[in-house]
2 protein chains.
Amino acid sequence: MLNAIAADEIATHEINAHEAYNQSQDQRLPRTSPMQAESSFKVACSNCNLRELCLPIGLSTDEMSKLDGMVATRKKVKQGGHLFSSGDPFTTLYAIRTGFFKTCVVSEDGREQVTGFQMAGEIMGLDGIVSDKHNCNAIALEDAEVCVMPFNHVEDLSREIPMLQRHVHKIMSREIVRENGVMMLLANMRAEERLAAFLLNLLQRLHARGYSKSELILRMTREEIGSYLGMKLETVSRTFSKFSDDGIIEVKQKNIRILDHEKLKAIFNASTC
Amino acid sequence: MLNAIAADEIATHEINAHEAYNQSQDQRLPRTSPMQAESSFKVACSNCNLRELCLPIGLSTDEMSKLDGMVATRKKVKQGGHLFSSGDPFTTLYAIRTGFFKTCVVSEDGREQVTGFQMAGEIMGLDGIVSDKHNCNAIALEDAEVCVMPFNHVEDLSREIPMLQRHVHKIMSREIVRENGVMMLLANMRAEERLAAFLLNLLQRLHARGYSKSELILRMTREEIGSYLGMKLETVSRTFSKFSDDGIIEVKQKNIRILDHEKLKAIFNASTC
DNA sequence: CGGACTATTTGATATGCATCAAGAAGTCAT
DNA sequence: ATGACTTCTTGATGCATATCAAATAGTCCG
């Protein structure tokens, strides 16, 4: 059940979506295809290299070409920029093409709670449907580009393409199940378990996008990790140090290398200590 | 933003849904309409007294009669019984007609996390869509009756009735936003704030169903409240006692009377102390 | 009605993490 | 490159809540 946290049921594990997470930096990470100069040609869903992760999953080529019309435009967001903010009118969903986001809610008294981190192929904006306005902030943690999908279009097409309808439902359901897992994490786990769960989840999702299982670059600060995991940045830092001392990971600032994947899993599973 | 916890945007506040929460016990609570011997006549969506809270919201009478066919059967669940369990194949959604449920996930090592409490008019089972099997347990906290809505039918009808499609989307989005609020609560709030938020949320939802704003009966144990709020049952008990000492509420076992609604709200909002 | 159970309350003590603090490392802009 | 800033690390201390324990109240069932 708790796998809900670390597993993000995505079937395909070897796809070309490399520019998604890292745009230029980490050449160290495996890169199995040459980087293309994107935006140099019109990118449609039907030839997007994220199509197996994103909305077009499981559609016929015919249906997919209909989908191309759904993406009204694409939009770039600079690092630190808001894709949308709490209170903004909701009209569209966004699919991440490149870059990395956080979503967060803010209480009246200013406490910020990071509710998730999103990477290429993931859909943002679902929070806005219920009240026709957004209920969280979506902030780019690195320069990013998203596909803008007017929700009206999504709904119209969903009525025509049952497969798409089902997929939209699955995406929303997945988000509900993910949040269930986070609730478990926040309510029941100790700092080490939380951080282990967090790392395993990121690794799993990055792996589904073609990245190494043993290395990752954190796009967020210790404070943002802490907010997501319900702990203070100092505790995040200390826990990283502890994992490092125990030979489980190697920490160089935002670069994390996994030395002992099994031990990490053991910590995640272990209340048995 | 945090209102997401205490507010459950339901427009109508005065409807006849009294048998929903209390079946026979608490005659003390206001009851503005005589109780009818239910099941004595065929109950359809079109004459269900929950129709303003449940799936038919905003539909024309024509559309609503289509909806009637969507509810395949109704199903009774005894107190303590499982409506569905984690791992069960997912085929249908459920709308609660009467009674009160909890949903919970269980980790491998047996830790249980209550992920929500559901009352009349609310929809259960959305967690199952993503993987075609349920990802949590749904357990009746009192004898209950639900409408069984095969998800295929829901999807079929959603394609015919845009208003229904939109409503299904809103229900899922509302659940996502609710869980965002719970994450904020678990990660950032102290015990008193959590319990205040919890009580205010229950009161708000019960009020939308025609109940008093100043009295409620807890259908769950201290332990279940604690699980939901990420605290131990002893802490729940102590916090109730503290609220009682402070003259904010009156606690008689599962019966709670709100003496100072404003103070409760102040605690909920207050990090300012 | 009485016995066995479960749920709740309350007290005493322990502990994991927060908080406060200060320095180190890294990043950015001019 | 240099100074200002942000981010991160590490240590010392305190506190909110967990844990352990025991008594009380309530509930179920033969």
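Chain identifiers are assigned alphabetically (A, B, ...) following the order of the sequence lines, protein sequences preceding nucleic acid strands; residue numbering begins at 1 within each chain. Below, each value reflects all heavy atoms present in this structure, side chains not excepted, and no hydrogens, waters or symmetry copies.
With sequence neighbours excluded, the residues forming a side-chain contact (heavy atoms from CB on, under 4.5 Å) with A/Lys265 are A/Leu200, A/His261, A/Glu262, listed by chain and number. Taking A/Thr103 as the reference, A/Thr115, A/Gln118 meet the side-chain hydrogen bond (donor to acceptor under 3.5 Å, both in side chains) condition, with sequence neighbours excluded. A/Phe84 pairs by the ring-ring contact (aromatic ring centres under 6.0 Å, His included) definition with A/Tyr94, A/His134, not counting sequence neighbours. Taking B/Thr235 as the reference, nothing meets the side-chain hydrogen bond (donor to acceptor under 3.5 Å, both in side chains) condition, with sequence neighbours excluded. For A/Lys102, the salt bridge (Lys or Arg N to Asp or Glu O under 4.0 Å) partners at least two apart in sequence or on another chain are A/Glu112, A/Glu224. With sequence neighbours left out, B/Ser244 forms a side-chain hydrogen bond (donor to acceptor under 3.5 Å, both in side chains) with no residue at all. The ring-ring contact (aromatic ring centres under 6.0 Å, His included) search around A/Tyr228 returns A/Phe117, not counting sequence neighbours. Evaluation of the side-chain hydrogen bond (donor to acceptor under 3.5 Å, both in side chains) rule for A/Gln113 yields B/Asn188 as partners, not counting sequence neighbours.
Heavy atoms of A/Gly230 sit under 4.0 angstrom from primed sugar atoms or phosphate atoms, though from no base atom.
Bending across the helix from C/dC1-D/dG30 to C/dT30-D/dA1, expressed as the angle between its end axes from five pairs apiece, amounts to 60° (10° rounding).
Rounding to whole angstrom units, NZ of residue B/Lys232 and C1' of C/dC17 are separated by 16 Å. Atom pair A/Asn188:CG and C/dC17:P shows a separation of 13 Å (rounding to whole Å applied). The CE-P distance, from B/Met231 to C/dC17, rounds to 18 Å in whole Å.
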Any protein N or O atoms within reach of nucleotides 7-16 of chain C? Criterion: under 3.5 Å, listing atom names and distances.
from, atom 1, to, atom 2, distance (Å)
C/dT8, OP2, B/Arg222, N, 2.9
C/dT9, OP1, B/Arg222, NH2, 3.2
C/dT9, OP2, B/Arg222, NE, 2.8
C/dT9, OP2, B/Ser237, OG, 2.8
C/dT9, O5', B/Ser237, OG, 3.1
C/dT10, OP2, B/Ser241, OG, 2.6
C/dG11, N7, B/Arg238, NH1, 2.9
C/dG11, O6, B/Arg238, NH2, 3.0
C/dA12, N6, B/Arg238, NH2, 3.3

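Distance check: B/Leu216 CG to B/His207 NE2 gives 13.5 Å after rounding to the nearest 0.5 Å.
On the nucleic acid side, DNA chain D contacts chain B at distances under 4.0 Å to non-hydrogen atoms, with the end points of that region at D/dT17 to D/dG26.
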Could you give the side-chain donor-acceptor pairs of residues 245-252 of chain B under 3.5 Å, partners two or more places apart or in another chain?
from, atom 1, to, atom 2, distance (Å)
B/Asp246, OD2, B/Lys242, NZ, 2.7

